[in-house]
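Note that the structure is predicted; figures quoted are calculated from it, not measured.
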Amino acid sequence: MRDLTVAVFRPDDERLEDAVELIDSLGATAVPDPMLAVEPTDAVPRTDADYVILTSKTGVELVAAEGANAPTDGERKRWEPGDATVCAIGPKTADSLEAAGYDVDIVPEEYTSSGLVAELEEAVDGARVEVARSDHGSPVLLEGLEAAGAYLHETILYRLVRPPESGESVALAAAGKLDAACFTSSLTVEHWLEAAEVRGVREDALAGLEDATVGVIGEPTAETARAHGLEVDLVSSEATFETLACETVEAAAPTYHE
């Protein structure tokens, strides 16, 4: 009997390596298939905000990098938040901020855009809030903070694009050889389907996922998947890849061994 195969769509860096190691430790075989690549914009967050929100490890690395966003008359020093209250959307982002030498003031109990809105909505009325993130950030964060009375400014630090070589898991799904998939965002769903379209196997790949266990992080990702015809088997109980992977493998294993 072949191993349980689980597709993971983390960016092609240490996050993908960690994902493969985790899946292997759970007794399954990871199918590493990066669906996101980073294109920096060289933009810099504002420094006059009362609150600054970072939503990813990638964003932290970009703002902390010296020499990035260099003006014509010399190199830019790394971004500093000044007197702003620094907010991280979750523990991974917070760990990255602290590793880069920044103090983290707020991490919400729920590691999502809605969780961060709930954490801040009573404090930001009339405050200047800087949101620094990718070009595919959830509108929930901006809409929620604006409704709470914040004066918002968004800085797009990087764009998320699909690597042209992606799609190994698409081919496996189309051949009926993929047992589970871990989608971490709406964009990973959209890029997976785009890769299937490019390969000319969209319908076969969707059919293959019907017999697989599909796990996602967050209701927005679940909604996107369902809107595109994917049957979602579980939404992870915590918004972390570790939880998603563990729960997806656990859900897939009984079916796989029947």
Side-chain angles (χ1 to χ4, degrees), residues 1-38 56-58 90-92 111 160-218 221-222 224-226 228-258:
M1 179 184 293
R2 63 181 176 82
D3 292 338
L4 179 73
T5 55
V6 183
V8 294
F9 310 120
R10 305 294 279 161
D12 192 8
D13 53 26
E14 72 276 3
R15 286 168 289 185
L16 188 62
E17 296 173 4
D18 291 345
V20 170
E21 184 177 340
L22 175 60
I23 295 296
D24 288 348
S25 75
L26 296 172
T29 297
V31 179
D33 197 2
M35 286 291 159
L36 301 174
V38 173
S56 69
K57 176 178 181 290
T58 299
K92 294 292 187 182
Y111 311 143
L160 291 169
V161 300
R162 182 180 68 83
E165 68 276 10
S166 63
E168 179 183 355
S169 63
V170 167
L172 287 176
K177 296 180 180 179
L178 188 67
D179 302 303
C182 297
F183 291 99
T184 53
S185 67
S186 291
L187 198 56
T188 57
V189 174
E190 294 165 358
H191 283 180
W192 193 88
L193 292 169
E194 182 182 301
E197 192 74 43
V198 168
R199 288 171 177 249
V201 295
R202 181 185 173 103
E203 295 306 316
D204 288 341
L206 284 170
L209 276 192
E210 289 181 5
D211 296 324
T213 299
V214 175
V216 305
I217 289 180
T221 308
T224 298
R226 294 180 185 120
H228 287 289
L230 279 68
E231 182 177 336
V232 176
D233 296 291
L234 66 92
V235 178
S236 62
S237 60
E238 292 184 359
T240 64
F241 179 79
E242 290 82 358
T243 300
L244 173 64
C246 291
E247 292 179 353
T248 301
V249 170
E250 183 178 5
T255 302
Y256 178 72
H257 290 299
E258 283 179 356

TODO: Report the C-alpha separation of E190 and H228 in whole Å, then their side-chain angles, then the decisive distance to 0.1 Å, and conclude whether the side chain to side chain contact (heavy atoms under 4.5 Å, CB included) test is met.
DONE: CA-CA 8 Å; E190 294 165 358; H228 287 289; 4.1 Å; yes
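- Atoms CZ and CD, on R226 and E231 in that order, are 9.5 Å from each other to the nearest 0.5 Å.
- Between P11 and V38 there is no side-chain heavy-atom pair separated by less than 4.5 Å.
- A252 and L4 make their closest contact through CB-CD1, 4.1 Å (heavy atoms, listed as atom of the first residue, atom of the second, distance).
- In this view, V20 and D24, A30, P32 satisfy the side-chain contact (heavy atoms from CB on, under 4.5 Å) rule, not counting sequence neighbours.
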Which pairs of donor and acceptor atoms, one on a side chain in residues 167-176, lie under 3.5 Å apart (sequence neighbours left out)?
| unit_1 | atom_1 | unit_2 | atom_2 | d |
| --- | --- | --- | --- | --- |
| S169 | OG | D33 | OD2 | 2.7 |
| S169 | OG | W192 | NE1 | 2.9 |

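- Remark: S185 engages no residue in a side-chain hydrogen bond (donor to acceptor under 3.5 Å, both in side chains) (not counting sequence neighbours).
- Atom-to-atom distance recorded for E250:CD and T213:OG1 is 11.0 Å, nearest 0.5 angstrom.
- Annotation: salt bridge (charged side-chain N to carboxylate O under 4.0 Å, His left out) contacts involving residues 196-207, sequence neighbours excluded, comprise E197-R202.
- Distance check, rounded to the nearest 0.5 Å: CG of L36 to OG1 of T58 gives 9.0 Å.
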TODO: Please test L206 against L193 for side chain to side chain contact (heavy atoms under 4.5 Å, CB included), starting from the C-alpha separation and ending with a verdict.
DONE: CA-CA 9 Å; L206 284 170; L193 292 169; 3.8 Å; yes
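- Legend: residues meeting side-chain hydrogen bond (donor to acceptor under 3.5 Å, both in side chains) with K92, ordered by chain and number and at least two apart, are E242.
- For T243, the side-chain contact (heavy atoms from CB on, under 4.5 Å) criterion is met by S236, S237, E238, T240, E247, not counting sequence neighbours.
- When all heavy atoms of G218 and V235 are compared, the closest pair comes out as N-CG1, 3.6 Å.
- Annotation for L244 and G215: closest pair CD1-C, 3.4 Å, computed over non-hydrogen atoms.
- The backbone N or O of K177 sits less than 3.5 Å from a side-chain atom of T5, completing a donor-acceptor pair.
- Judged as a side-chain contact (heavy atoms from CB on, under 4.5 Å), and not counting sequence neighbours, the contacts of V198 are R162.
- When every heavy atom of P34 is checked against every heavy atom of D12, the shortest pair comes out as CG-CB, 3.9 Å.
- With values rounded to the nearest 0.5 angstrom, D18 atom CG is found 11.5 Å from I23 atom CD1.
- Partners of A212 under the side-chain contact (heavy atoms from CB on, under 4.5 Å) rule, at least two apart in sequence or in another chain, are L209.
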Task: Residue pair F183, T224: steps toward the side chain to side chain contact (heavy atoms under 4.5 Å, CB included) verdict - done: CA-CA 11 Å; F183 291 99; T224 298; over 6 Å; no
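- Rounding to the nearest 0.5 angstrom, the gap separating the CG atom in L230 from the OG1 atom in T221 is 11.5 Å.
- Remark: E165 CD is packed, more than 12 non-hydrogen atoms of other residues, nucleotides or ligands lying under 6.0 Å away.
- Across V31 and L178, no two heavy atoms sit closer than the pair CG2-CD1, 4.3 Å.
- Nearest heavy-atom pair, C182 versus F241, reported as atom, atom and distance to 0.1 Å: CB-CE1, 4.1 Å.
- The structure places OG1 of T248 at 4.5 Å from CG of L234, a figure rounded to the nearest 0.5 Å.
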